[in-house]
Protein chains: 2
Amino acid sequence: MERPDLGKLTAALVREVIRREAPILERAGLEMWDYVILVALSEGDAATQRDLAAASGRDKTRLIGNLDRLEATGLVARAPDPADRRNKVVSLTPTGRRVLARCRKDIRAMEDDLLAGITPADREAFVRVLILLGDRAD
Amino acid sequence: MERPDLGKLTAALVREVIRREAPILERAGLEMWDYVILVALSEGDAATQRDLAAASGRDKTRLIGNLDRLEATGLVARAPDPADRRNKVVSLTPTGRRVLARCRKDIRAMEDDLLAGITPADREAFVRVLILLGDRAD
DNA sequence: GTAGATCGTACGCGTACGTAGATTATTTGC
DNA sequence: GCAAATAATCTACGTACGCGTACGATCTAC
C-alpha cells in the first residue's frame, strides 16, 4: 500500500481542524489554549494548577496567563484549597460551563461537516483507531 | 457517540508520531523540516525554491537555512536554471535519495509498529479517511 | 534600453514556546 | 520550633516561527 507518511497525513488534518476551529473560538473570545483548558476542566475540577497543566498539556508557567484571563472573564474560578492552602483548586463557573458547551456544540457541528460524505462505518473505524493510537504512548 | 474533539485526538496522534520519529531522524542527522523537504523533493525536483517552499509548507525564508545544510551535507543540489538564471532547481542527490529511502523505511517500520493490533480493515479505513480529510481545504 | 517584476538571500520584528532560577506563602518531617 | 520541600508566580533566556522589507541579479514588456 503506497501512501504518504502518517506524520504528513495527520499534520495536514490537524492544520485543517485548527483552521476550521479558529472562527468558532474567536467568536467565543477564546484562544486555542483557553478551549483546551476548559475542556480539561470539564472532565473534573483540577486539584492543583500543576495537575491542570499536566491534564491540558500546557506548560505550567504558560498556564498562569490563560487562567488569569479566564478568571478575569469569569469562566473559571481559582479557590485556595482549605486542606492545603498552597494549592489552588481550579473549576469551571456556570458561565464557563455555558461558554464551553456552546463552543463544543459549534465544533461538533464543524466536525460533522468535515466528516460529511464519509460512510458511518468509516467514521467509526476512523475515530476508533484515532482514540487507540493517541493513547499509545509507550 | 460521545468522544473527544477531533482536534484533541489528532493532536495527540501527531505528538506521538513526532515522538517516535525523533530518534530515527536524529540517527540520520536530519531535522524534522529536512525530512519534510526531502520527501517533497522525492516527488519531483523543484523548479524553484518558491515552489519547494509551497510544496513542503516551509516558509520561503526559513527554507534557505535547511537547503544550506542539506546542500553542505550533499543530500540536495541547487543548480541555476539555464533557462532563467534567477531560479535555482533543487534536486535530490543520489546520497540524498539513499538517506531518504532509509529514513522512510525506518519510519514505515515505526508506523507498522504503531498500528500493530489494528485490524487490516480498520487500518485501511483509517488511512483512507485521513487522506480524504487532509485534502478537504475548502 | 529602460522600467518593472521576480528569484534567492539576509535581516529585523513581534510572537509563542519550554526551561531555569528566584520569591513568597504554606505545609511537613523531625 | 525549625529545616526542607512544595505550589503558584514572576522574570529572563534561548529558540523557532511567520511576516515584512531590502538588495542584487536577472528576466520581460514596451
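Every chain is numbered from 1 and lettered A, B, ... according to where its sequence line falls, protein lines coming before strand lines.
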- Is any NZ, NE, NH1 or NH2 atom of the basic residue among A:Arg78 and A:Asp68 found under 4.0 Å from an Asp or Glu carboxylate oxygen of the other? yes
Enumerate the protein-to-nucleotides 27-30 of chain D contacts in which both atoms are nitrogen or oxygen and the separation is below 3.5 Å.
residue	atom	partner	partner atom	Å
D:dC27	OP1	B:Arg85	N	3.1

Pairwise N/O distances under 3.5 Å, protein to nucleotides 1-4 of chain D:
none

- For atom CD of A:Glu43, is the number of surrounding heavy atoms from other residues, nucleotides or ligands below 6.0 Å larger than 12? yes
- Task: Let me know the distance between CZ of B:Arg50 and C1' of D:dC19, rounded to the nearest Å.
- Result: 13 Å
- Note on the structure: Residues of residues 23-48 of chain B with a heavy atom under 4.0 Å from any atom of DNA chain D, listed by number, are B:Trp33
- Let me know, please, whether B:Lys88 or A:Gly57 comes out on the 5' side of the other along DNA chain C by nearest nucleotide. B:Lys88
- B:Asn87 CG to C:dC7 P, in whole Å, measures 6 Å
- Salt-bridge present (B:Arg108, A:Asp5; N to O < 4.0 Å): yes
- Query: So which pairs with a foot in residues 17-43 of chain A pass ring pair (Phe, Tyr, Trp, His ring centres under 6.0 Å), sequence neighbours left out?
  - Reply: none
- Query: Are A:Val89 and A:Val39 linked, directly or through other ILVMFWY residues, by side chains that come within less than 4.5 angstrom of each other?
  - Reply: no
- Task: Kindly state which residues belonging to residues 58-73 of chain B come within less than 4.0 angstrom of DNA chain D, counting heavy atoms of the residue only, listed by number.
- Result: B:Arg58, B:Asp59, B:Thr61, B:Arg62
- Task: State whether A:Glu71 and A:Lys88 are salt-bridged, where the test is any N-O pair (Lys NZ or Arg NE/NH1/NH2 against Asp/Glu carboxylate O) under 4.0 Å.
- Result: no
- Indicate, with yes or no, if B:Val14 and B:Leu133 share a hydrophobic cluster defined by side-chain heavy-atom contacts under 4.5 Å among Ile, Leu, Val, Met, Phe, Trp and Tyr. yes
- Message: Given 3.5 Å as the limit, does a donor-acceptor pair link the side chain of A:Thr93 with the main chain of A:Gly74, or not?
- Response: yes
- Message: Closest approach to the side chain of B:Gln49, judged atom by atom: which nucleotide of C:dT9, D:dA8, C:dC7 is it?
- Response: C:dT9
- Is the number of heavy atoms from other residues, nucleotides or ligands within 6.0 Å of CZ (B:Arg104) greater than 12? yes
- Query: Are any side-chain N or O atoms of A:Asp113 and backbone N or O atoms of A:Met110, one a donor and one an acceptor, separated by less than 3.5 Å?
  - Reply: no
- Same cluster (ILVMFWY, side-chain, under 4.5 Å), B:Met32 and B:Ile64: no
- Task: Would you mind listing every ring pair (Phe, Tyr, Trp, His ring centres under 6.0 Å) that reaches into residues 95-133 of chain A, with sequence neighbours excluded?
- Result: A:Phe126-B:Phe126
